[in-house]
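Data first, discussion second: the structure below is written as structure tokens.
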Amino acid sequence: MSKSLSEILFEEGEERERYYNAVSPPLIQTSNFVFSTVEQMRRALSDEYTHSVYSRGNNPTLAILRNKLAKLEGAEDALVFSSGCGAIAAALFSQLRHGDHLVCIRKPYNWVAHFCRIILPKYGIQTTFVEEGSARAYEAACQPNTKLFYLESPNTFTFEITDIRAVAEIAKSKGIVTVIDNSYSTPLYQSPLSLGIDLVLHSASKYLAGHSDVIAGVLAGSKEMIGKIYNSEYLAFGAVLPPFEAWLMLRGLRTLEIRLQRSSSNAKALIEAIENHPRIKRILYPFHSQHPKNEIARSQMKDCSGLFSIELEADTPDEVILFCNSLKHFLKAVSWGGFESLVDPAITVYNFDHPELNELSWRTVRFYCGLESPEILIDDVLQALNILDNGATNRQK
Ligand SMILES: *Cc1c(COP(=O)(O)O)cnc(C)c1O
């Protein structure tokens with residue numbers, strides 16, 4: 001029988017008798033490991049996937065973390081990287097070669113778009129972006145040389161949903177590898193491997209580490225795929241997570257379930273409190289009744305986490321700026337998944353000189369709900385919306 005969430009988070013792989021019966025796992029801050037004999041050293045070097053030789057590969061603190069993450073995703077193995085982008089690079093470069101083609105959702109994480117548009121073409125790899133997250137759209141974009149489908153569902157500014165089961169099924173029928181960015185849902189709210197996906201990746205800088213103090217990435221899948229990646233891209237690119245960061249992430253995982261619950265319920269309470277305000281044009285949240293793929297979202301996600309966007313009913317960009325500057329508790333910062341609530345308006349990167357180049361409207365404002373009490377967050381957003389109303393009234397006078 002598979003282990004419960006609590007068993008994985010609090011017990012799995014913690015062999016305390018091996019480290020002085022310490023409750024907390026050991027931080028093995030070392031770069032290399034010694035051997036008693038040349039024969040042992042030779043054996044270890046012939047198979048770095050299963051031996052600790054050098055901390056660019058295996059390290060016991062990372063091993064405890066990797067095992068927990070694999071169990072959480074229902075995967076045979078997981079690798080941890082020094083960033084989500086490190087995991088993305090390993091996933092793409094391990095599965096693609098010169099002359100290959102991939103299909104990617106239209107608005108992935110922005111550095112994935114950079115990979116597809118700028119970096120991969122340098123190596124003779126082309127991308128087709130699909131607007132619609134349906135099996136039909138992915139199939140229609142396929143070419144004879146298509147080797148990979150890249151998914152991110154939901155994506156984390158516009159919260160579009162891909163029909164994961166259906167896309168994975170098309171991929172399987174064509175021998176195409178599927179990769180999904182599961183950062184938004186975490187393994188707790190969505191299990192892509194059980195829906196037929198091959199490789200799952202995370203920016204662990206967000207919920208998994210969870211305290212706005214670690215940059216990390218995860219890649220999980222079968223032993224066969226992960227072992228191959230380990231022996232090639234993982235060791236060669238060297239984007240490995242340092243032991244201290246792995247230790248912090250182990251500590252962060254203890255509270256993953258309750259942090260997610262709080263962040264998620266805060267987002268839902270905030271949405272409910274503001275959705276009918278005249279200054280809210282639209283809510284972008286997969287579990288919101290307005291979401292066009294609400295049903296698919298509910299069929300593949302156990303719950304929806306604490307990140308969402310609004311489109312502000314604003315006449316001018318200045319109104320968006322006034323609204324965001326009026327928030328007292330939502331910190332103005334990128335990222336999400338930590339303890340603190342954040343606001344990230346699309347206007348910060350909006351290109352006003354070339355409006356046609358923008359993926360997002362300048363009216364889009366993204367909120368991350370942290371672990372504060374919901375009243376603080378609700379009051380904060382309502383007072384900022386009301387300032388906007390007063391500002392507009394004053395202008396009209
Ligand atoms: C932050 C993020 C990434 C990149 O992860 P880093 O840890 O910052 O390298 C990838 N995907 C999503 C959805 C993210 O939010």
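Indexing begins at 1, ligand by ligand and atom by atom, following the structure's order. Keep in mind it's a predicted model, so treat the numbers as computed, not measured.
- We find that K3 and E12 are joined by a salt bridge, their nearest charged nitrogen and carboxylate oxygen being less than 4.0 Å apart.
- For atom 7 (O) of ligand 1, the closest non-hydrogen atom on the protein side is S205 OG, 2.6 Å.
- Set against the non-hydrogen atoms of T156, the atoms of ligand 1 under 4.0 Å away are 13 (C).
- Assignment of H202 to the shell around ligand 1 is not supported, since no heavy atom sits closer than 4.0 Å.
- Heavy atoms of A216 approach ligand 1 to within less than 4.0 angstrom.
- The protein atom (non-hydrogen) at minimum distance from atom 6 (P) of ligand 1 is G84 N, 3.3 Å.
- For the pair E169 and R136, the salt-bridge criterion is not met [side-chain N within less than 4.0 Å of a carboxylate O].
- A side-chain N or O of D77 and one of Y49 form a donor-acceptor pair less than 3.5 Å apart.
- The pair E359-R106 counts as a salt bridge, with a side-chain nitrogen and a carboxylate oxygen less than 4.0 angstrom apart.
- Every atom of ligand 1 is numbered from 1 in the order shown, and the set under 4.0 Å from a heavy atom of E152 is 13 (C).
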For this session: Could you give me the CA-CA distance, side-chain angles and deciding distance for E14 and R254, then say whether salt bridge (charged side-chain N to carboxylate O under 4.0 Å, His left out) is met?
Result: CA-CA 13 Å; E14 302 196 41; R254 305 289 190 199; 2.7 Å; yes

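- In this comparison of W336, Y184, Y109, Y207, the heavy atom closest to atom 10 (C) of ligand 1 sits on Y109.
- A salt bridge does not link D213 to R251: none of the charged side-chain nitrogens sits closer than 4.0 Å to a carboxylate oxygen.
- Between N182, V214, D181, it is D181 that holds the heavy atom closest to atom 12 (C) of ligand 1.
- Between C85 and ligand 1, a contact under 3.5 Å exists for at least one N or O pair.
- Protein heavy atom at the shortest distance from atom 1 (C) of ligand 1 is K206 NZ, 1.5 Å.
- Using a 4.0 Å cut-off between charged side-chain N and carboxylate O, R363 and E313 make no salt bridge.
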